[in-house]
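Naming convention: chains lettered A, B, ... in sequence-line order (proteins, then strands); numbering from 1 in each chain. From a predicted model like this one, the values you see are computed outputs, not experimental measurements.
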Number of protein chains: 2
Amino acid sequence: MFAVSSIRELARRCGVSVATVSRVFNTPEVVSQQTRQLVLGMAAEIGYLPNESARTLATKKSNMVGLVWDTDHRRPGWRHPFLQDILVALKGALSAHGLHLLMLAPDPGAGPGDPRRFLRAVQRHNVDGVVIIDNGSRDPAVLALADAEVPCVALDLRFTGPTCTYITSDNAGGGRLAAAHLIERGHRHIATITGPAGNWPAAQRLAGFREALTEAGIPLADGDVVTGDFYLDSGHAAMTRLLERDPRPTAVFAAGDEMAVGAIKAIREAGLRVPDDVAVIGFDDIEVAALVPPGLTTVTQDKTGFGTAAAESLMAMLAGTATPPEPTTLPTTLILRGST
Amino acid sequence: MFAVSSIRELARRCGVSVATVSRVFNTPEVVSQQTRQLVLGMAAEIGYLPNESARTLATKKSNMVGLVWDTDHRRPGWRHPFLQDILVALKGALSAHGLHLLMLAPDPGAGPGDPRRFLRAVQRHNVDGVVIIDNGSRDPAVLALADAEVPCVALDLRFTGPTCTYITSDNAGGGRLAAAHLIERGHRHIATITGPAGNWPAAQRLAGFREALTEAGIPLADGDVVTGDFYLDSGHAAMTRLLERDPRPTAVFAAGDEMAVGAIKAIREAGLRVPDDVAVIGFDDIEVAALVPPGLTTVTQDKTGFGTAAAESLMAMLAGTATPPEPTTLPTTLILRGST
DNA sequence: CTGAAAGCGCTTACAG
DNA sequence: CTGAAAGCGCTTACAG
């Protein structure tokens with residue numbers, strides 16, 4: 001589609017060897033000021049750009065990091081609440097280090113359930129490291145990456161190993177924040193809609209929430225803990241059940257904003273008001289939170305932080321430290337809106 | 001991080017030449033059934049995977065398509081209404097053809113406003129083609145790709161040229177749909193909140209809307225057309241102005257769902273009801289549309305269609321057709337909810 | 001149907 | 001500070 005001149009062409013025009021040209025781009029401090037300028041000038045003039053494939057072949061480093069996000073072939077409809085924010089931040093932070101993001105599709109040579117389907121893609125493309133955006137399931141294909149000792153950083157997934165680390169929000173702290181806020185608002189009977197059993201962030205949110213309640217001497221009955229799946233409908237269903245309780249809770253903490261919106265819907269459909277009859281607080285601070293009346297009070301996650309922290313952890317591992325960086329915990333904060 | 005065996009190793013173990021191994025993977029029909037089986041079996045046994053960098057170097061085809069989406073350095077906060085749906089569909093459709101998606105960051109060697117900042121990344125990585133997700137601005141760095149004759153397919157951006165085509169929704173048809181629906185509901189004074197001047201999809205939506213009104217003999221006063229920027233606040237501001245009109249419109253068509261949600265907010269704040277006092281219809285069918293009470297009636301776009309159509313058009317161009325495929329227009333349909 | 005050989009565009013010890 | 005040369009792992013005419 002266009003002609004790009006090669007290192008040989010550039011070397012010829014400058015009257016130097018290709019080795020020298022290569023050094024100008026890789027170890028400039030080792031070549032004389034004079035030839036460096038000459039080469040750089042000519043490179044700009046003829047529009048020379050080093051060919052990454054050739055570079056990768058020679059060095060075994062591709063300057064590409066793989067992105068694995070949509071890992072579970074059994075859950076195709078799954079949507080991340082703030083994928084776009086993460087991608088923007090991650091892309092920006094990586095490109096500052098000259099790294100590009102390759103979205104890893106399952107290798108076509110592997111079947112849908114093949115645990116090597118991502119690893120194969122990683123190997124073929126010489127990807128330097130991988131960022132994993134978990135979807136809440138434990139996919140063996142993700143674990144296979146760790147086993148192969150690919151540098152990995154996972155988001156919201158407890159992922160450790162000789163070449164693995166992870167980034168997560170302070171979910172327990174966020175749960176505590178939610179409880180403290182409702183308590184401060186005077187509530188003494190508080191229910192919660194939690195995430196699926198086995199979901200780690202959900203468990204942490206619940207743990208922090210429970211802790212703060214206990215510390216305040218407020219009981220949490222088993223019947224006031226209902227499980228959802230993070231989607232709207234489950235929040236609606238859970239709230240419907242909670243409204244049947246007698247006495248009825250005066251406030252509810254949902255472990256995700258979508259479920260919180262579903263809860264608000266159920267409360268309204270029951271002819272009750274938010275926050276007067278039942279207050280609602282969510283988790284995530286997704287876009288809808290600000291849009292749905294009366295405005296959802298929620299615990300916000302540092303969305304951009306996920307991207308930048310992931311890039312930093314990965315950079316550290318690529319720099320070849322002996323041990324992987326410690327997991328990063330991003331702070332959570334309270335956002336007050338109309339629902340509490 | 002792991003050892004992957006090379007084609008030489010595989011050839012040695014099979015007692016054939018590397019050329020033969022290469023043919024097994026690239027032109028299997030040309031090698032004898034017998035040696036084919038032998039090679040394939042051994043390949044599986046030792047876990048051989050062809051190295052893509054070496055392949056790219058030899059063939060000048062990388063099996064990677066670039067994704068350019070966040071093109072404008074002056075609008076960092078811009079968010080696409082349904083990026084994730086597009087990405088999932090695009091990734092899936094491309095991987096079926098063995099193609100991977102490389103998210104193109106601006107080349108570090110180029111300045112923020114450099115029109116070659118994406119082209120450079122494309123050249124370095126030997127990207128086979130590019131998908132452009134427009135953000136509504138005309139970025140010279142995007143045009144530079146067309147000038148370089150890189151196979152390009154743009155989304156929602158009129159992008160033509162010897163190696164370019166585009167995918168778009170039937171925006172005019174959608175505008176007509178919206179008008180027809182409101183007319184059918186009995187409205188005779190209908191206003192609209194349109195997108196920024198110069199925005200092509202917005203202009204089309206307005207054109208279709210206007211056409212349908214004209215055909216029905218319903219006038220559209222200049223004062224009933226207010227401009228927004230697709231974000232919530234602009235919809236709110238626009239609606240506030242429309243409510244000051246005398247007589248007040250009984251319905252409004254917003255060229256984007258976020259603006260529609262802003263409009264609903266403004267209507268409520270004015271003490272009026274949706275849809276009884278003012279009906280609202282939006283465009284896009286984003287996630288919030290279903291969540292915000294009373295449910296937003298809207299014109300939906302075929303989000304998955306963008307991804308699959310883009311992949312198909314790109315595949316056609318990569319197959320080396322003489323002329324680029326015709327632009328694709330995706331149908332739009334009406335989704336009825338509570339706001340009309 | 002198969003092999004030997006050149007070549008893709010780079011990097012990197014090794015000499016000087 | 002610089003160059004000649006080998007090598008990274010593949011593909012592809014060219015012979016046979």
Step-by-step side-chain contact (heavy atoms from CB on, under 4.5 Å) determination, A:I46 to A:R13: CA-CA 10 Å; A:I46 69 175; A:R13 294 221 194 195; 3.7 Å; yes
Sugar-phosphate only, base, or nothing, as touched by A:T56 at under 4.0 Å among non-hydrogen atoms: nothing
Secondary-structure stems for DNA chain D, with pairs counted as Watson-Crick or G-U when both distances are under 3.5 Å and runs at least 3 long: C:1-3 with D:14-16, C:5-12 with D:5-12, C:14-16 with D:1-3
Boundaries of the DNA chain C segment in contact with chain B, non-hydrogen, under 4.0 Å: C:dC1 to C:dG9
Residues forming a side-chain hydrogen bond (donor to acceptor under 3.5 Å, both in side chains) with B:T308, sequence neighbours excluded: none
Touch class at under 4.0 angstrom, heavy-atom based, for B:V21 against every strand present: nothing
Point-to-point distance, once rounded to the nearest 0.5 Å, from CZ of A:R36 to CD of A:E29: 8.0 Å
Residue among A:L102, A:L314, A:D128 satisfying side chain to side chain contact (heavy atoms under 4.5 Å, CB included) with A:V65: A:L314
Salt-bridge criterion met for B:D147 and B:R116 (N-O under 4.0 Å): no
Touch class at under 4.0 angstrom, heavy-atom based, for B:F25 against every strand present: nothing
Sugar-phosphate only, base, or nothing, as touched by B:R23 at under 4.0 Å among non-hydrogen atoms: base
Flag side-chain contact, heavy atom, 4.5 Å: B:I132 against B:L155: no
Residue met sooner reading DNA chain C from 5', once A:A58 and B:G15 are mapped to nucleotides: B:G15
Touch class at under 4.0 angstrom, heavy-atom based, for A:S53 against every strand present: nothing
Sugar-phosphate, base or nothing in reach of A:S22, heavy atoms under 4.0 Å: base
Centroid-centroid distance, B:F25 to B:Y48, less than 6.0 Å: yes
Touch class at under 4.0 angstrom, heavy-atom based, for A:L10 against every strand present: nothing
Donor-acceptor pair, side chain of B:T304 and main chain of B:A89, under 3.5 angstrom: no
Validation row, ring centre B:Y166 to ring centre B:W200 under 6.0 Å: yes
Given DNA chain C, 5'-ward residue of the pair B:A54 and B:V16, judged by closest heavy atom: B:V16
